[in-house]
Number of protein chains: 2
Amino acid sequence: MAMRNSYTRRVPAPERTSLPAIVAAAGDLLESGGLAAVTMAAVAEKVGVRAPSLYKRVRNRDELLALVAEAAVADLRVRLAGADGAGDACARLDALARALREFARSRPASYGLVFAPDDIRLDRTQLEAAGAPLFEVVAELAGREHALEAARTVTAWATGFISMELNGAFRLGGEVDEAFAYGIRRLASAISQR
Amino acid sequence: MAMRNSYTRRVPAPERTSLPAIVAAAGDLLESGGLAAVTMAAVAEKVGVRAPSLYKRVRNRDELLALVAEAAVADLRVRLAGADGAGDACARLDALARALREFARSRPASYGLVFAPDDIRLDRTQLEAAGAPLFEVVAELAGREHALEAARTVTAWATGFISMELNGAFRLGGEVDEAFAYGIRRLASAISQR
DNA sequence: ACCTGAACACCGTTCAAGT
DNA sequence: ACCTGAACACCGTTCAAGT
């Protein structure tokens with residue numbers, strides 16, 4: 001009895017994985033094999049555990065996918081903050097748009113999870129925080145009164161362009177890079193105050 | 001023997017459903033319950049048949065979803081063709097953009113299937129055909145040499161705006177209709193020849 | 001020639017039992 | 001306190017057997 005109690009207290013729970021490891025494993029599976037590859041069993045195996053154990057750290061698969069999306073948003077936030085800085089407003093806008101596109105290319109499936117979620121409910125506030133630098137630059141170009149509409153216009157164009165690119169809508173007629181540059185130039189002048 | 005042969009020939013196959021009925025049922029389930037609701041069993045029940053029978057008309061679930069997307073594209077094509085017509089190029093562009101948005105609102109899940117497919121491979125040529133009126137109007141505004149880039153810029157903005165709207169990205173700060181109008185006005189002037 | 005029940009492998013998820 | 005095997009309901013898909 002005393003023996004058993006002491007044993008119970010001394011070996012209560014060897015943690016064999018962690019939430020960050022689980023989210024990272026799910027993200028890797030997502031990028032390498034798409035949403036269908038993000039199986040509770042596959043994630044569990046990647047972190048060296050059995051599927052039922054995942055439910056100690058995560059409510060269900062949907063919540064796990066939401067956490068993957070959140071992690072991607074956090075990454076995007078860092079990238080955008082790092083890309084912002086030098087030059088005039090036009091150059092800054094260009095740099096931010098390119099950083100968004102590079103993020104999408106480096107983690108296309110995660111990008112899709114964030115900007116074209118299927119059922120997953122994700123926290124929009126983090127995404128808005130990530131877009132703050134863009135909002136600021138756009139406000140400079142369009143003026144404070146039109147900052148919101150202008151930012152939405154630019155964001156809509158950028159996310160639409162990138163998801164078209166990821167979906168292979170640009171197969172014919174190459175020069176996607178040029179089309180992106182053309183678009184950003186046009187958008188910048190379109191929202192600029194006369 | 002003779003009896004059995006004659007019977008076999010006279011009752012060879014009472015068809016209890018059809019491919020169009022199956023695709024329509026799948027589309028209805030998609031709109032009412034999302035992708036997860038499009039189950040082979042649920043589709044089969046809707047058309048009065050058992051799940052295995054569906055495989056007589058459809059290779060698998062992915063192909064069925066692709067057919068749903070194709071049907072949506074065909075609908076979109078009709079809508080865009082009908083919306084095009086009167087007024088100057090600017091007014092026509094406005095009408096086409098609004099028709100796209102109304103399509104998205106009437107069948108949001110199908111819209112997502114077409115413009116933000118998960119794994120489904122869908123025929124891009126039909127989608128390009130549906131977008132022909134838009135391409136034409138844009139060519140008039142931007143000039144033939146810049147028609148392709150301009151059309152891509154407008155399409156990217158429109159699809160990006162609409163998917164943001166469907167995903168609830170515009171919760172705060174109302175007047176989404178105004179933002180759409182603002183965007184289309186800005187885009188039209190942005191791609192117009194000076 | 002189409003339809004069906006039965007079967008298979010594979011999901012997500014739960015839970016009692018282990019340590 | 002976490003981990004596990006066993007179990008459950010539910011998927012997509014196949015196939016031999018019916019008519």
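Quick note on labels: first sequence line is chain A, next is B, and so on, each numbered from 1.
Listed by first then second residue, pairs satisfying side chain to side chain donor-acceptor pair (under 3.5 Å) with a partner in residues 19-47 of chain B read B/Glu31-B/Ser110, not counting sequence neighbours.
For C/dG5, one of the phosphate oxygens OP1 or OP2 lies less than 4.0 angstrom from a side-chain nitrogen or oxygen of B/Arg50.
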Result block: side-chain N/O donor-acceptor pairs under 3.5 angstrom for residues 86-105 of chain B, not counting sequence neighbours:
unit_1	atom_1	unit_2	atom_2	d
B/Asp88	OD1	B/Cys90	N	3.4
B/Asp88	OD1	B/Ala91	N	2.9
B/Arg92	NE	B/Asp84	OD1	2.9
B/Arg92	NH1	B/Glu140	OE1	3.3
B/Arg92	NH2	B/Asp84	OD1	3.4
B/Arg92	NH2	B/Asp84	OD2	3.2
B/Asp94	OD2	B/Arg98	NE	2.8
B/Arg101	NE	B/Glu165	OE1	2.9
B/Arg101	NH1	B/Asp177	OD1	3.4
B/Arg101	NH2	B/Glu165	OE2	3.0
B/Arg101	NH2	B/Asp177	OD1	2.8
B/Arg105	NE	B/Glu165	OE2	3.4
B/Arg105	NH2	B/Glu165	OE2	2.8

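Using a 4.5 Å heavy-atom cutoff, the side chains of A/Ile184 and A/Trp157 are in contact.
Here A/Arg121 does not pair with A/Asp62 in a salt bridge; the nearest charged N to carboxylate O distance is not below 4.0 Å. A salt bridge links B/Glu15 with B/Arg57: the distance from a Lys NZ or Arg NE/NH1/NH2 to an Asp or Glu carboxylate oxygen falls below 4.0 Å.
In this view, A/Ala66 and A/Ile120 satisfy the side-chain contact (heavy atoms from CB on, under 4.5 Å) rule, not counting sequence neighbours. Residues satisfying the side-chain contact (heavy atoms from CB on, under 4.5 Å) criterion with A/Ala21, sequence neighbours excluded, are A/Thr17, A/Ser18, A/Val47.
Residue B/Met40 contributes atom CE, which lies 21 Å from atom P of C/dA7 at whole-angstrom precision.
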Watson-Crick or G-U pairs under 3.5 Å in DNA chain C, rendered as dot-bracket with [ ] for crossing pairs and | for another strand:
||.|||||...|||||.||
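Contacts with DNA chain C (heavy atom under 4.0 Å) in residues 51-64 of chain B: B/Pro52, B/Ser53, B/Lys56, B/Arg57, listed by number.
Aromatic rings of A/Phe170 and A/Phe180 (six-membered ring for Trp) have centroids beyond the 6.0 Å cut-off, not under it.
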